[in-house]
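Since the model is a prediction, treat every value here as computed from it, not as a measurement. Quick note: residue numbers are just sequence positions, from 1. The basis for the numbers below is simple: all heavy atoms, side chains too, and nothing from hydrogens, waters or symmetry mates.
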Amino acid sequence: MQRYHFRPYSPNQTILFPQRIDKDIAEDDPVRLISSIVESLDLSSFRKLYRERGRSPYNPKMLLKVVIYAYMNNIYSCRRIEKALKRDIHFIWLAGYEQPDFITVNRFRNRVKNEINNIFTQLVLLLSAKGLVTLDVEYIDGTKIESKANKYTFVWRKTVEKNRAKLMEKIRVLLSQVDDAIAQDKSAADEAVSFTPEVLTEIASELRQSLSEQPVPKSKEEKKTVREKQKKVRQIEQMRDKLSEYDNHLETMGERNSYSKTDPDATFMRMKEDAMNNGQTKPGYNLQIATENQFITDFGFFPNPTDTLTMIPFLSSFCDRYGHYAKETCADSGYGSEENYAFMESHDMEAYVKYNLFHKEQKRAFKNDIFRIENLYYNPDGDYFVCPMGQHMERVGVRHGKTNSGYRTESVIYRARRCEGCPLRWGCYKKRSGNRETEVNHRLMEYKRKARERLTSERGLMHRSKRPIEPEAVFGQMKYNMGYKRFRHFGKDKVTMDFAFFAIAFNIKKMVAKVRKQGDMPIKGGHNVSSVTSYMLIGDLQRHYKTKIMKIAA
């Protein structure tokens, strides 16, 4: 008979002298890097968020470490963080055996929603001091992320304006029916006068006062007349409330075309993640990020579904964050506009930004199309184009335009002298009568020429090859590897806070991966300070980035 010998097993044993909490945590574990980085950051701005008196709160440094490590491990729920603080040795070590509940964790995130952006900036400056990023190049791209709001709580601008116009007409007709001098004066006024809720409130109160001053009706006809007047006063008040509702919708909407009732900061957009494949719009935010070496160096949220109008404020946010504009900017054709090119040129930025016809211009069919305005000969001295038949297309006028952001454009109109009987008319001009006219924006054409030279240069080819693997790779890791596809908060301020935590966690996670890949971390570290920790705890490095933060703040 065989006898088996097992090790003693007693789950309820008492340990008089407990071991170190981090005994079972590897020396090169990323959790040690998080602890080291947070210890080196300047968290003095957190102090003003707490009261000097009362019960002692949890250390914000501990909570910051816990939340960042949770985001690194795809844990975004406060309840799951609370559970991990009781089960996971890494969380237990970070928290020092403290066990804040989910309400405390969530309250901490909301409390530091304005300061966490500065923590992200400090981390990027730390990466810059270490040489992982230079902050001289921006690879910009955007993606749309769905809001937590219900997708059926939409408010559309066209619908509101249409219903408001109908309501204004109903108010005018109703006031014309009211047999009272006050209402008659209001309805008989100029048709361009727009009623407001305040005006309707004044009319309704004066009508009620006039009704109260009338003698008590005796006959049926008099009582019927009074009831009809009271009914019309109630209708005026109902229309006043509805008009106030429409005005509030337009005020909340601002310059947008839609918003969500449960998340007024969210705008309805078409998402790439379309399960029904029907192009249904969903409430969300247009997230813009700038990356370098696949580190997130800046981010911002915008209500614009398109990327064109987001570039200038996003470039300005980079300057506000780091005290200077990037020397080089690389983006796809969604950002190529005259306004954006002019802004980058005025701030001495090398714009490696495509425009909408950049790739099409490289094709043989485009170059051989003799009818396109881009391929016609232009004489700058005489200010005219020469058509394929050798006829001059002379300047006949100028047309000015204005973008949604207020930028003014100028296009010159050129017209051929005579197109009647031209054998090339079939491919040059589609209209049956008249001479060919075309509009040319010379400033935009010059910006395109400069952009084309940069993009086809050796450095431009390098940036074009890196751009698809910079922000696109970050979006792929964010959405599919880390499961960050939908926001879990209402409001732009809380959404920004949540993504700031995510960006910090993403950069630290990327830092660990790059350092391990470079082989800078030895397999074995010291007893108290691991190799990952020592990678960041360098006195000169900390002094360098802290001095840079002080300069930016000044």
Side-chain angles (χ1 to χ4, degrees), residues 20-41 43 59-77 80-98 105 109 116 119-120 122-133 291-297 473-474 476-484 498-538 541-542 545:
R20 289 172 56 96
I21 305 176
D22 61 341
K23 176 182 178 297
D24 296 325
I25 299 177
E27 292 292 337
D28 61 347
D29 195 282
V31 71
R32 298 184 183 273
L33 178 61
I34 293 175
S35 179
S36 173
I37 290 176
V38 174
E39 290 290 340
S40 65
L41 295 177
L43 303 182
N59 194 318
K61 191 177 295 185
M62 177 271 292
L63 291 170
L64 181 61
K65 294 178 183 179
V66 168
V67 175
I68 292 176
Y69 187 68
Y71 277 60
M72 283 184 62
N73 291 274
N74 306 355
I75 301 176
Y76 312 111
S77 168
R80 291 185 60 194
I81 294 176
E82 178 189 6
K83 188 179 294 185
L85 285 167
K86 300 176 181 178
R87 297 183 176 183
D88 195 314
I89 187 64
H90 302 83
F91 283 92
I92 294 173
W93 176 73
L94 275 181
Y97 261 125
E98 296 284 357
V105 176
R109 290 194 306 185
I116 192 63
I119 302 302
F120 168 78
Q122 290 188 48
L123 176 63
V124 177
L125 290 175
L126 195 63
L127 296 173
S128 175
K130 187 58 184 175
L132 295 174
V133 295
T291 66
E292 185 182 357
N293 292 333
Q294 296 187 17
F295 287 98
I296 301 175
T297 57
V474 173
Q477 295 175 42
M478 178 180 72
K479 291 185 176 181
Y480 300 102
N481 293 350
M482 302 184 72
Y484 197 87
D498 188 63
F499 190 81
F501 275 110
F502 175 85
I504 293 171
F506 182 91
N507 284 346
I508 295 177
K509 194 172 184 178
K510 179 64 66 174
M511 182 194 308
V512 173
K514 283 188 175 293
V515 171
R516 283 177 172 171
K517 186 176 181 180
Q518 293 172 0
D520 291 341
M521 295 190 305
I523 298 177
K524 294 182 180 180
H527 179 69
N528 294 325
V529 181
S530 67
S531 56
V532 183
T533 305
S534 61
Y535 181 79
M536 300 304 301
L537 290 180
I538 303 174
L541 175 62
Q542 294 179 18
Y545 94 88

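Note that CE of M62 and CG of L64 are 10.5 Å apart. Values are rounded to the nearest 0.5 Å. Summarising the geometry, atom CZ belonging to R87 is positioned 11.0 Å from atom CD1 belonging to I92; distances are rounded to the nearest 0.5 Å. With rounding to the nearest 0.5 Å, the separation of CG in L63 from CG in L94 is 11.0 Å. Between atom CG of residue D24 and atom CG of residue D29 there is a gap of 11.5 Å, rounded to the nearest 0.5 Å. To the nearest 0.5 angstrom, K514 atom NZ is 5.5 Å from N293 atom CG. For the atom pair CE of M72 and CG of N507, the computed distance is 10.5 Å after rounding to the nearest 0.5 Å.
K510 meets the side-chain hydrogen bond (donor to acceptor under 3.5 Å, both in side chains) test with Q294, Q477; sequence neighbours excluded. Partners of I504 under the side chain to side chain contact (heavy atoms under 4.5 Å, CB included) rule, at least two apart in sequence or in another chain, are I68, I116, I119, F120, L123, I508. In this structure F295 satisfies the ring pair (Phe, Tyr, Trp, His ring centres under 6.0 Å) test with no other residue, sequence neighbours excluded. Residues passing the side-chain hydrogen bond (donor to acceptor under 3.5 Å, both in side chains) test with N73, sequence neighbours excluded: none. For K479, the salt bridge (charged side-chain N to carboxylate O under 4.0 Å, His left out) test picks out E273, with sequence neighbours left out. Y76 is linked by a side-chain hydrogen bond (donor to acceptor under 3.5 Å, both in side chains) to nothing, counting only residues two or more places apart in sequence or in another chain. Under the rule for a side chain to side chain contact (heavy atoms under 4.5 Å, CB included), the partners of K86 that lie at least two apart in sequence or sit in another chain are E82, Q99. For T291, the side-chain hydrogen bond (donor to acceptor under 3.5 Å, both in side chains) partners two or more places apart in sequence, or in a different chain, are E470. A search for side chain to side chain contact (heavy atoms under 4.5 Å, CB included) contacts involving L85 returns V66, I81, F91, A95, P100, not counting sequence neighbours.
Of the possible polar contacts, one joining the N74 side chain to the N481 backbone as a donor-acceptor pair under 3.5 Å is found. Remark: the backbone N or O of A70 is not paired with any side-chain donor or acceptor of R80 at under 3.5 angstrom.
Shortest non-hydrogen contact noted between V133 and E292 is CG1-O, 3.5 Å.
Two residues are said to be in side-chain contact when any heavy atoms from C-beta on lie closer than 4.5 Å; L43 and V38 meet this criterion. Contact check for M478 versus F502: side-chain heavy atoms found under the 4.5 Å cut-off.
Within the structure, every pair that satisfies the salt bridge (Lys or Arg N to Asp or Glu O under 4.0 Å) test and touches residues 62-72, not counting sequence neighbours, is listed here: E39-K65.
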Which is it for M511 and I37 under the side-chain contact (heavy atoms from CB on, under 4.5 Å) test, yes or no, and what are the steps along the way? CA-CA 11 Å; M511 182 194 308; I37 290 176; 4.0 Å; yes
Are R32 and W93 close enough, and set up right, to give a side-chain contact (heavy atoms from CB on, under 4.5 Å), and what steps lead you there? CA-CA 10 Å; R32 298 184 183 273; W93 176 73; 4.2 Å; yes
